Amino acid sequence: MPLALLALAVSAFGIGTTEFVMMGLLPNVADDLGTSVPTAGYLVSAYAIGVVLGAPLLTGLGSRVPRKEMLLLLMALFTVGNLASALAPDFGWLLAGRFLAGLPHGAFFGVGAVVAARLAAEGRQARAVATMFLGLTVANIVGVPAATLLGQHLGWRATFLVVAAIGLAAMAALARLVPRIPVEAHQDVRRELRALGNRQVLLGLLTAVFGFAGVFAVYSYLSAMTTEAMGFGESSVTLVLALFGIGMTLGALAAGPLTDRALRPTLYGSLGALAVVLAAFPFTVHVPWAALVMVALLGAVGFMTTTPLQLLVMNKAKDAPTLASASNHSAFNLANAGGAWLGGVAIAAGWGWTSPALVGAVLAAAGLAIALTAGFLDLSNPVRRSRTEPLSGTDPQEHRPEAHPATSGPSGGRLLRPVRRLRTEPSRRTGPGQHRPRDAHGTPASPALEDEGGHRTPAVTADPPPRRTR
């Protein structure tokens with residue numbers, strides 16, 4: 001594994017920690033700043049809005065910046081945002097700090113996914129991207145529980161100071177381990193925007209919005225479900241959240257090699273499994289051991305969707321994948337906000353604490369339907385399916401199909417096929433009753449060659465045999 005992937009994973013660990021830790025610190029922040037818990041919940045929304053807006057904005061502004069320098073700038077902005085959150089004198093400044101910390105989130109993962117794929121060997125791009133995302137999943141196992149515990153004992157400001165220190169460590173790792181990747185000659189914001197308009201890219205983003213919303217419809221209320229539906233004590237919430245993080249890590253580890261082997265089937269299988277797990281969730285949470293198994297499964301199958309979705313939009317965006325890759329994280333955060341809202345609507349309607357799981361099952365099924373539609377449209381594309389769509393930066397010669405030696409020139413040029421005629425077929429030019437023209441030696445002329453566009457090319461004939469002399 002390239003050490004550069006370790007630097008990307010450390011950065012992802014810091015981003016994942018600051019993204020999810022606020023959910024566990026809301027009561028502490030509300031008490032300290034003299035506000036209510038629902039009002040403090042706007043801090044989660046501020047971060048998500050920063051991600052949604054920052055992904056396309058910062059990616060577009062940095063389209064001419066080399067990849068390594070762009071990663072360092074984004075991580076510096078992340079560090080400043082967390083430092084501002086730690087030093088915020090009141091709720092308004094904390095809200096601004098959270099928004100600032102969220103701005104580089106999507107752009108960093110978008111650029112980081114492209115860098116990880118570039119550094120990987122051919123056929124191992126998905127594993128490389130999944131390795132970067134391991135930092136995000138490990139954050140839910142170690143970072144979020146530890147940061148929550150730290151905030152409860154030393155205050156929430158200490159949590160954001162530690163996350164800022166992680167940001168500095170990540171910048172040092174990026175500067176030391178990531179090689180410099182120059183800007184491509186064709187890389188510009190207009191090209192990125194055109195790639196974003198690709199139908200397959202848009203369907204991939206829509207799949208992420210609906211499919212991943214099913215995960216957050218449950219995850220947003222998992223703490224309340226732990227105590228109200230599963231029957232565990234409040235002290236078990238951290239354990240349940242860590243178990244969800246373990247499932248996410250296992251899902252990320254499995255998604256890499258599966259996506260490298262078969263991208264769309266992995267996406268279909270993970271979305272289908274997610275819908276099944278969510279549908280079964282309300283009927284199993286009342287049995288303690290079954291509830292814990294379902295939490296781990298939810299994390300695993302939910303996070304298995306991220307790697308194939310990331311690679312899908314990168315592949316379909318072809319040689320301008322950065323904005324599409326970053327926009328994928330905007331889609332994930334829209335799923336975060338939309339899933340949490342719909343799950344809250346179900347609870348407020350009196351359907352019970354486990355009702356968000358059924359809402360999530362419907363959302364996951366909708367995501368699967370969109371993914372299947374996109375796959376069908378892709379198969380119906382008239383372009384030859386034998387031609388692959390390489391990731392940006394790969395050598396197109398590696399993906400060029402070999403021409404048959406009997407029907408192509410030495411350079412692998414246009415495909416030629418012989419025009420077959422019966423020996424007795426009249427020539428269209430010589431009139432009826434005449435057969436194929438003969439050359440000066442009386443030998444029947446060889447048939448012309450015709451390419452797939454109908455263009456005729458004279459065939460090369462062998463030298464005539466020497467005449468016999470007496």
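Nothing here was measured: the structure is a model prediction, and the numbers come from that model. Throughout, residue positions are numbered sequentially from 1 according to the sequence presented.
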Measure the shortest side-chain to side-chain distance between Leu5 and Met132 over non-hydrogen atoms and say whether it is less than 4.5 angstrom.
no
In short, Thr284 meets Ala290 closest at the heavy-atom pair O-CB, 3.6 Å
Between Gly211 and Leu271, the two heavy atoms sitting closest are CA-CD2, 4.0 Å
Euclidean distance, Phe20 CZ relative to Thr148 OG1, rounded to 0.5 Å
12.0 Å
Between CG of Leu267 and CG of Leu368, what distance do you get to the nearest 0.5 Å?
8.0 Å
Under 3.5 Å side-chain donor-acceptor pair for Tyr47 and Asn336:
no
Starting at CG of Leu334, measure out to OG of Ser327 and round the result to the nearest 0.5 Å.
10.0 Å
Any donor-acceptor pair under 3.5 Å linking the side chain of Thr259 with the backbone of Ala126?
no
Is there a donor-acceptor contact under 3.5 Å from the side chain of Lys316 to the main chain of Gln200?
no
The salt bridge (charged side-chain N to carboxylate O under 4.0 Å, His left out) partners of Arg264 (sequence neighbours excluded) come to Asp378
Step-by-step side-chain contact (heavy atoms from CB on, under 4.5 Å) determination, Leu263 to Asn315:
CA-CA 11 Å; Leu263 192 154; Asn315 286 348; 3.8 Å; yes
If we ignore hydrogens and angles and just use 3.5 Å, is the side chain of His153 paired with the main-chain N or O of Leu149 as donor and acceptor?
yes
Consider side-chain contact (heavy atoms from CB on, under 4.5 Å). Of Val362, Leu298, Leu297, which one does Leu278 pass it with?
Leu298
Any donor-acceptor N/O pair, Thr59 side chain to Pro56 backbone, under 3.5 Å
no
State, yes or no, whether a side-chain contact exists between Leu203 and Leu377 at a heavy-atom distance under 4.5 Å.
yes
Please evaluate residues Val285 and Met225 with respect to the criterion side-chain contact (heavy atoms from CB on, under 4.5 Å), reporting the C-alpha separation (whole Å), side-chain torsions for both, the decisive distance (0.1 Å), and the verdict.
CA-CA 9 Å; Val285 293; Met225 291 183 189; over 6 Å; no
Find the distance between CE (Met248) and CG (Leu136) and round it off to the nearest 0.5 Å.
5.5 Å
Kindly give the heavy-atom pair with the smallest separation between Ala331 and Ala208, and that separation in Å.
CB-CB, 3.9 Å
Side-chain contact, heavy-atom cut-off 4.5 Å: Phe210 with Leu206?
yes
Could you check whether any side-chain heavy atom of Lys68 comes within less than 4.5 Å of a side-chain heavy atom of Leu174, counting everything from C-beta outward?
no
Please find the pair of heavy atoms, one from Ala107 and one from Ala326, that lie closest to each other, and give the distance.
CA-CB, 4.0 Å
Walk me through whether Asp260 and Arg127 qualify under salt bridge (charged side-chain N to carboxylate O under 4.0 Å, His left out).
CA-CA 7 Å; Asp260 278 329; Arg127 290 176 177 87; 2.8 Å; yes
May I ask you to test the Phe160-Leu87 pair for a side-chain heavy-atom distance under 4.5 Å?
no
Side-chain donor/acceptor of Ser11 to backbone N/O of Ala7, under 3.5 Å
yes
Parallel under 30°, tilted from 30 to 60°, perpendicular over 60°: which one fits the rings of His329 and Phe133?
tilted
Taking C-beta and beyond as the side chain, do Leu103 and Phe99 meet within less than 4.5 Å on heavy atoms?
yes
Calculate, to the nearest 0.5 Å, the distance between atoms CG and CH2 belonging to Leu43 and Trp156 respectively.
8.5 Å
Short side-chain to backbone donor-acceptor contact, Gln125 and Arg118, under 3.5 Å
no
Aromatic ring proximity, centroids under 6.0 angstrom, Phe78 and Phe108:
no
Okay, side chain of Thr159, backbone of Gly151: is any donor-acceptor separation there less than 3.5 Å?
yes
In the structure I gave you, are the side-chain heavy atoms of Phe232 and Leu292 within less than 4.5 Å of one another anywhere?
yes
Go through the side-chain N and O atoms of Thr18 and Arg98 and say whether any donor and acceptor fall under 3.5 Å apart.
yes
Exercise: identify the closest heavy-atom pair between Arg157 and Ala88
NH1-O, 2.7 Å
Minimum-distance pair of heavy atoms, taken over all atoms of Val51 and Asn333:
CG1-ND2, 3.0 Å
Would you say the side-chain atoms of Asp90 pair up with the backbone N or O of Trp93, donor to acceptor, closer than 3.5 Å?
yes
Tell me, with the steps shown, if Leu58 and Leu77 meet side-chain contact (heavy atoms from CB on, under 4.5 Å).
CA-CA 11 Å; Leu58 296 182; Leu77 182 59; 3.9 Å; yes
Ignoring hydrogens and geometry, is there a side-chain-to-backbone donor-acceptor pair from Thr305 to Val301 under 3.5 Å?
no
Leu258 CG to Thr266 OG1 distance, which is reported to the nearest 0.5 Å:
4.5 Å
Within a 6.0 Å radius of atom OH on Tyr221, are there more than 12 heavy atoms belonging to other residues, nucleotides or ligands?
yes
Any chance you could lay out the side-chain contact (heavy atoms from CB on, under 4.5 Å) test for Leu250 and Met304, step after step, and finish with the verdict?
CA-CA 9 Å; Leu250 295 176; Met304 276 184 69; over 6 Å; no
May I ask you to decide if Val52's main-chain N or O and Ser330's side chain share a donor-acceptor pair within less than 3.5 Å?
yes
Would a 4.5 Å heavy-atom cut-off, applied to side chains only, mark Glu19 and Val163 as touching?
no
